[in-house]
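Accompanying notes for the structure given below.
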Amino acid sequence: MSFSQEIINWYHPNKRDLPWRHTTDPYIIWLSEIILQQTRVEQGLPYFYRFVEQYPNIATFAAAEEGEILRLWQGLGYYSRARNMHKAAKMVMDNHDGIFPTTYDSLIKLNGIGGYTAAAIASFSANEAKPVLDGNVFRVLSRYFGIEEAINTPKGKKLFYELALEMLDKEQPAIYNQSIMEFGALQCKPQNPDCQICPLRTSCYAKQTNKVNSLPVKIKGRISKDRYFYYFVIMDEKSGSIAIRKRGPKDIWENMYEFPLIEQAAPLSISELKNTKEFNELFGRGAELHIISTPKKHILSHQNIYATFLEVSKISKDSNKKGEWDYVLLKDLDTLAKPKLIFAFLRDYNLQ
DNA sequence: AATCCGGGGCG
DNA sequence: CGCCCAGGATT
């Protein structure tokens, strides 16, 4: 039996019952595919339900404010996905008459949709014969066929794409694409796959040559930078407000909310912090500082953030000249999209 | 071609 | 701690 047929035969009795597998609505499939980018099914599932309920169709999604979408996305990470979805939704309303496209060539032009997602939506919603190429597919193909070319180089991606296209069952691309991804997720897992029960074990190159743990090949990487954030909690007791700022572009957490901060490349003591030019510009010389929490390590894909939260009082009257922050009522804080680091702090210190 | 962009789970 | 996850955009 062919590789493709074996994969499909494995799928039917072993597949998970996932909500986006009960529809061919490209909008619903789009929601699920963007949520699942670099995200495990179990982590994305609750977000998928919330988005479908809040925005049941493309029109309601496009009509929402970006901040509202970001707030619903809060905690899931890679927030450019949410911002790009909003742009894509508006593009569908403006350029496609509100009808979500189902062809690969139309989909690939939408913000946040690349080769993988375009192939996924086109095949799942309209059975277009385009192969998906995600982490699961790279792994299954490299192991089964013994491809030692790195999966994260242009040369490797081209090689794997050609193989993926060759293996694609053109008669049933939707089922085949689902099958090979599910096979990678459940059977041909990254770590410690149980090859003894794999239906492909006798013809699998990696299994037969004992290379399961060394495939796929991936060029290393990921040097993490250390950043030290000193967050200032400024309460206005009379109005029940707290100081908040919105992050700008070209850095992490674009358009999300946090406290006023001073960032350093190296750790500082509290007295050193008070003597910085930045501190004086923000608060003036008479301001008082009290540590709320010791440095908390927050790990992102390319950086380690060490965040210290400090309470500031007795700030001078002419502080905040540059409008670094706004005051927001504590009761309204929940409506703003905040990174995990911030909303976890608010929760832990009962400010929310 | 390389780097950036989150957060979580697992061994 | 390092690796990986239904990747894509930017430089």
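Quick note on labels: first sequence line is chain A, next is B, and so on, each numbered from 1.
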Legend entry - Sugar-phosphate, base or nothing in reach of A/Leu76, heavy atoms under 4.0 Å: base
Inset, instruction - Could you please spell out the steps behind the side chain to side chain donor-acceptor pair (under 3.5 Å) verdict for A/Gln178 and A/Arg21? - result: CA-CA 9 Å; A/Gln178 289 281 2; A/Arg21 289 186 175 152; 3.0 Å; yes
Inset, instruction - Describe the nucleic acid contact of A/Ser301 in one word from base, sugar-phosphate, nothing, applying a heavy-atom distance below 4.0 Å. - result: base
Legend entry - Proximal nucleotide (of B/dG6, C/dC5, C/dA6) relative to the A/Arg21 side chain: C/dA6
Inset, instruction - Measure from the side-chain N and O atoms of A/His298 to the backbone N and O of A/Asn304, and report whether any donor-acceptor pair falls under 3.5 Å. - result: no
Inset, instruction - From the options C/dG8, C/dC5, C/dC3, select the nucleotide whose nearest atom is closest to the side chain of A/Pro190. - result: C/dC5
Inset, instruction - Whole angstrom is fine here: how far is it from CG in A/Leu36 over to P in C/dG7? - result: 8 Å
Inset, instruction - Give one of base, sugar-phosphate or nothing for A/Ser32, where a contact means two heavy atoms less than 4.0 Å apart. - result: nothing
Inset, instruction - Ignoring hydrogens and angles, tell me if any N or O in the side chain of A/Gln208 forms a donor-acceptor pair with the backbone of A/Arg201 under 3.5 Å. - result: yes
Legend entry - Gap between atoms CZ and C1', on A/Phe124 and C/dA6 respectively (whole Å): 8 Å
Legend entry - Beyond-backbone contact of A/Phe283 with A/Ile234, side-chain heavy atoms, under 4.5 angstrom: yes
Inset, instruction - For A/Ile223 and C/dG2, give me the distance from atom CD1 to atom P, rounded to whole Å. - result: 13 Å
Inset, instruction - Measure the distance from CD1 on A/Ile299 to P on C/dG2 and round it to the nearest whole Å. - result: 9 Å
Legend entry - Candidates C/dG7, C/dA6, B/dC5 - which lies nearest the side chain of A/Glu182: C/dA6
Legend entry - 5′-ward residue of the pair A/Pro154/A/Trp253 relative to DNA chain B: A/Pro154
Inset, instruction - Hey, could you give me the SG/NZ distance between A/Cys204 and A/Lys207, rounded to the nearest 0.5 Å? - result: 8.5 Å
Inset, instruction - Whole angstrom is fine here: how far is it from NZ in A/Lys297 over to C1' in B/dG7? - result: 15 Å
Inset, instruction - May I ask you to evaluate whether A/Arg139 reaches the phosphate of C/dC5, defined as a side-chain N or O under 4.0 Å from OP1 or OP2? - result: yes
Legend entry - A/Trp73 side-chain N/O to B/dG7 phosphate OP1/OP2 under 4.0 Å: no
Legend entry - Nucleotide nearest A/His298 when distance is taken to its side chain, options B/dG7, B/dC4, C/dA6: B/dG7
Inset, instruction - Scan A/Asp251 against the nucleic acid and name what it touches under 4.0 Å (heavy atoms): base, sugar-phosphate only, or nothing. - result: sugar-phosphate
Inset, instruction - Give the nucleotide from the list B/dG6, C/dC4, C/dA6 with an atom nearest to the side chain of A/Leu18. - result: C/dA6
Inset, instruction - Record whether the side chain of A/Arg40 comes under 3.5 Å of the base of C/dC4 through a donor-acceptor pair of N or O atoms. - result: yes
Legend entry - Nearest-neighbour nucleotide for the A/Gln43 side chain, C/dC5, C/dG8, B/dG8 considered: B/dG8
Inset, instruction - Would you mind telling me which of B/dG6, B/dG7, C/dA6 lies closest to the side-chain atoms of A/Tyr78? - result: B/dG6
Legend entry - Check: A/Asn111 main-chain N/O paired with A/Asn84 side-chain donor or acceptor under 3.5 Å: no
Inset, instruction - Give the nucleotide from the list B/dG6, B/dA1, C/dG8 with an atom nearest to the side chain of A/Gln38. - result: B/dG6
Inset, instruction - Taking only the side-chain heavy atoms of A/Asn192 (C-beta and beyond), determine which of B/dG7, B/dC5, B/dG11 contains the nearest atom. - result: B/dG11
Legend entry - Cation-pi, A/Tyr104 ring and A/Lys130 (6.0 angstrom, 45 degrees): yes
Inset, instruction - Using the C1' atoms only, state how far B/dA1 lies from C/dC5, rounded to an integer number of Å. - result: 23 Å
Inset, instruction - Would you kindly give the NZ-to-C1' distance between A/Lys189 and B/dG9, to the nearest whole Å? - result: 13 Å
Inset, instruction - Could you check how far CD1 of A/Ile305 sits from P of B/dC4, rounded to whole Å? - result: 13 Å
Legend entry - Donor-acceptor pair present, A/Thr39 side chain and B/dG6 base, under 3.5 Å: yes
Legend entry - Whole-angstrom distance between C/dT10 and B/dG6, as gauged at atom P: 14 Å
Legend entry - CD1-CD1 distance between A/Ile34 and A/Ile29, expressed to the nearest 0.5 angstrom: 12.5 Å
Inset, instruction - Give A/Gly115 one of three labels, base, sugar-phosphate or nothing, depending on what nucleic acid heavy atoms sit under 4.0 Å from its own. - result: sugar-phosphate
Inset, instruction - Between B/dG11 and C/dA6, how far apart are the C1' atoms? Round to whole Å, please. - result: 23 Å
Inset, instruction - Please work out if A/Gln303 contacts a base, only the sugar-phosphate, or nothing of the nucleic acid, heavy-atom cut-off 4.0 Å. - result: sugar-phosphate
Legend entry - Out of C/dC3, C/dA9, C/dA6, whichever nucleotide has its closest atom nearest the side chain of A/Asn84: C/dA9
Inset, instruction - With heavy atoms under 4.0 Å as the rule, sort A/Gly44 into base, sugar-phosphate or nothing. - result: nothing
Legend entry - Whole angstrom value for the distance that separates P of B/dA1 from NZ of A/Lys220: 16 Å
Legend entry - Sugar-phosphate only, base, or nothing, as touched by A/Trp20 at under 4.0 Å among non-hydrogen atoms: base
Inset, instruction - Between A/Glu33 and A/Lys250, name the one whose nearest nucleotide on DNA chain C is closer to the 5' end. - result: A/Glu33
Legend entry - First of A/Gln191 and A/Leu300 reached from the 5' end of DNA chain B, by closest nucleotide: A/Leu300
